[in-house]
Structures are given as C-alpha cells and as structure tokens.
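The structure appears below as structure tokens.
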Protein chains: 2
Amino acid sequence: MTRTLDPERDSAPRDERDVALGALSDSLGFLLRLAQVQVFDRFFEDLGQIGLRPGEFSVLWVLHLNPGVRQGLLAQRLRVKRAHMTKMIRDFEARGLVERRTPEHDRRAVELLLTPEGTAFVRDHAEAFFTHDIRRPSTLTEAERAQLFTLLQKYVGLGPREGR
Amino acid sequence: MTRTLDPERDSAPRDERDVALGALSDSLGFLLRLAQVQVFDRFFEDLGQIGLRPGEFSVLWVLHLNPGVRQGLLAQRLRVKRAHMTKMIRDFEARGLVERRTPEHDRRAVELLLTPEGTAFVRDHAEAFFTHDIRRPSTLTEAERAQLFTLLQKYVGLGPREGR
DNA sequence: TATTGTTATACTCTATAACTATA
DNA sequence: TATAGTTATAGAGTATAACAATA
C-alpha cells in the first residue's frame, strides 16, 4: 500500500500508449486475476494436449489420494459447488476414469474411486502437472517462489501442516 | 516444494472427514484459485451493496486515472477480451457512468470518459474498494501481506515501477 | 425434518470468428 | 490489406432453487 488513492498525486506524465493502474496494482483481487491468467496460459501451452483443465486434473489427483471419498466432501474441500461436481464426475464416469459407488450404510451418498484407467492417467501426468510451471524461466527466484507459496497457503488457511 | 508426488509417502492416518490434498497444496494454480474465491467472498460481504463486481469497478477506476483512453488498449491492459469489454462499456453507458467518444483523427476508435456520475461513483467507493480486504482480521501479518503483494507483482510482471 | 446428490435454469466470463467502418 | 470495435455464438464456471431418495 504505497500508492495513494488520489489520481493526481500518482500521475506521471502519461504516455498515450500506456495505461495508469494506480492503486489497482495493489489490489489483491486484481493481482490474483493477472497471476491466474498467466498460470492458465502456461498450463495450456505446456499441457494443453493432455485434454483436461487444471481443475479437472485436480479432482482426479485428489481421488487418487483419497479413494472412496464422498462426492460432497470433495466438492466442499475443492471449493466447487455440488451441482458442478456432479457434472464433472458424470463426465469422468463417461470417459471411464472414475467409478461411483453407493455405500450400504448411507444410500444417499456416492463414494468415488479412480478406475484403473483413471489411476494410470494420474500416474502418467502428475509430474508434468505439478512441475511444468516450476520448470519455466521465471521472474521469481527459487526462494521468492517458495515464499509466495508459503504466503498464499497461509492466506487461504492451508498451513504447512494443515489441509492434508 | 516439500511434498513428494507419491501419495504413499505423504499419507498420514486419514480421517474419514478429511481430504488429503498432497502436492496440490503446492500447485500455484490451485492456491491462486482458493485465494481468489476468498477475496471474492470477502468483496461481496463487504461491498456487495455497491452493485458492481470487482472487475467492473476496476474498469471505472482505470477510466478515472486515464480519461480518454482507447477501449481496446484498456481491454488489453486489464487482460479482458475486446468483445467482453464492449459489453461492459455498453452497460456502463446505459447506466450513465461512462461516455464514449469518437476521435476525429481515427474514426474507427472509441475513447472513453467517465461521466460526472461515473466520477462521483468512483470517488464514493474507491477507498472502500481498495481497503476493505486490508481492514479484515487476516491470517497474514502486515509485513507478510506486503511481501505477498511484492511477489505477485513481480510474478505477473508489474514491478514496483512498472505498469503505471 | 434434514441431508445427499441430481436436475434445471441462468448469469458471468471467456473464446472465436465473422462483420462494419474506417485507415 | 490491416485495424478498432461490434455482433453472434458457444463453452466453461458458477449460483440457486426445486426435487427424489434416504436418513
């Protein structure tokens, strides 16, 4: 928060082709959006050919780590709405990556499992998924990158020993 | 990057109600998404009544700082597609917040200006917009917050003296 | 009555391409 | 030919509410 909200005090002689952002450069929401656009662009450049979006791969990954997890709990932890999760899971099912199972002790629920194909898919793409961004030449040093992760984890309440 | 990609090596005795995230906790895209959801939630809790989304207010703010800016340049700098910007600006025009002007020297272009109502709107809400998140009790200290901003700005290429 | 997942609907954001009017 | 903005269309993501089956 080094900038003032008063545009007059923040205005350098402005180039026609430039656009002053002022305090917007210190808006967390704006910065997060720019960062996310950049991450998305890089994801599709590097991994566009695997045929899944980042959010979709994340779901498969979490199923890999939590076989039999309940669909609603999965949606809750990934901050996805239940209705949307239903569509995603149905899609995975149609592609043969995920199996749905109704437990006897609560027949309202749905437990999720990767199929062998789903498991193979995760094993084949996990390393690329988790490391593609790191391997890029970055504006951040390794130490800065680690620091950024720590701060974001803390901001969203995913401490180093929480949320596992 | 402290976690392994091998789920076996990362599995604590798992609670039925918990969901292991494993390496996903170190995925920049995932962290950015969680952070953005949180920022969005807070925005609507604090400022839902002003009737604009964060992105919309950002556009008005930038028009406030750059009167007469070209619509396409604005879209480019804010990382919004031209087609989408057209709709937003038409909306603002209908609400009486923005005026569109065709310059004589290039009659293909559109230059944008806030109306007096638009200017008043920005002045009335800018402080709340830029400070509501800061005023919240946060999991981050003031120093950590500043650090997070610096790192995000550097990551997206908005250095402390760039992008103004 | 409450909960789990489903369906339906709608709105935003995004992406693309075709179009116009200018240059 | 190229550019600025527009329009149309489609897809993904999200939000909400109503619903069936089950608890």
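When reading the values below, keep in mind they use all heavy atoms of this one structure, side chains included, and skip hydrogens, waters and symmetry mates. Naming: A, B, ... by sequence-line order, numbering from 1 per chain.
Rounded to a whole Å, the CZ atom of Arg101(B) is 18 Å from the P atom of dA4(D). Residue Lys81(B) contributes atom NZ, which lies 7 Å from atom P of dT16(C) at whole-angstrom precision. One interatomic measurement links the two molecules: CG of Leu73(B) to P of dT3(D), which rounds to 15 Å at whole-angstrom precision.
Between the side chain of Thr139(B) and the main chain of Gly157(A), no donor-acceptor pair closer than 3.5 Å is present.
The stretch residues 86-100 of chain B touches DNA chain D through Thr86(B), Arg90(B), Arg100(B), each having a heavy atom within less than 4.0 Å of the strand. Taking every heavy atom of residues 40-48 of chain B and every atom of DNA chain D, no pair lies under 4.0 Å.
Put simply, Gln76(B) has no side-chain N or O that comes within less than 4.0 Å of OP1 or OP2 on dA4(D). Taking only side-chain nitrogens and oxygens, Arg53(B) never comes nearer than 4.0 Å to OP1 or OP2 of dT14(D).
Heavy atoms only, all atoms of each residue included: Leu152(A) and Ala35(B) are closest at CD2-CB, 4.2 Å.
Of the candidate nucleotides dT16(C), dG5(D), dG5(C), dG5(D) has the atom lying nearest to any side-chain atom of Arg70(B).
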Find every protein N or O atom lying less than 3.5 Å from an N or O atom of nucleotides 17-23 of chain C, and list the pairs.
residue, atom, partner, partner atom, Å
dA23(C), OP1, Arg107(B), N, 2.9

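The list of ring pair (Phe, Tyr, Trp, His ring centres under 6.0 Å) pairs with a residue in residues 75-118 of chain B, not counting sequence neighbours, is empty.
For Arg82(A), the salt bridge (Lys or Arg N to Asp or Glu O under 4.0 Å) criterion is met by no residue, not counting sequence neighbours.
Remark: DNA chain D forms stems of 3 or more consecutive Watson-Crick or G-U wobble pairs, all pair distances under 3.5 Å, at C:1-23 with D:1-23.
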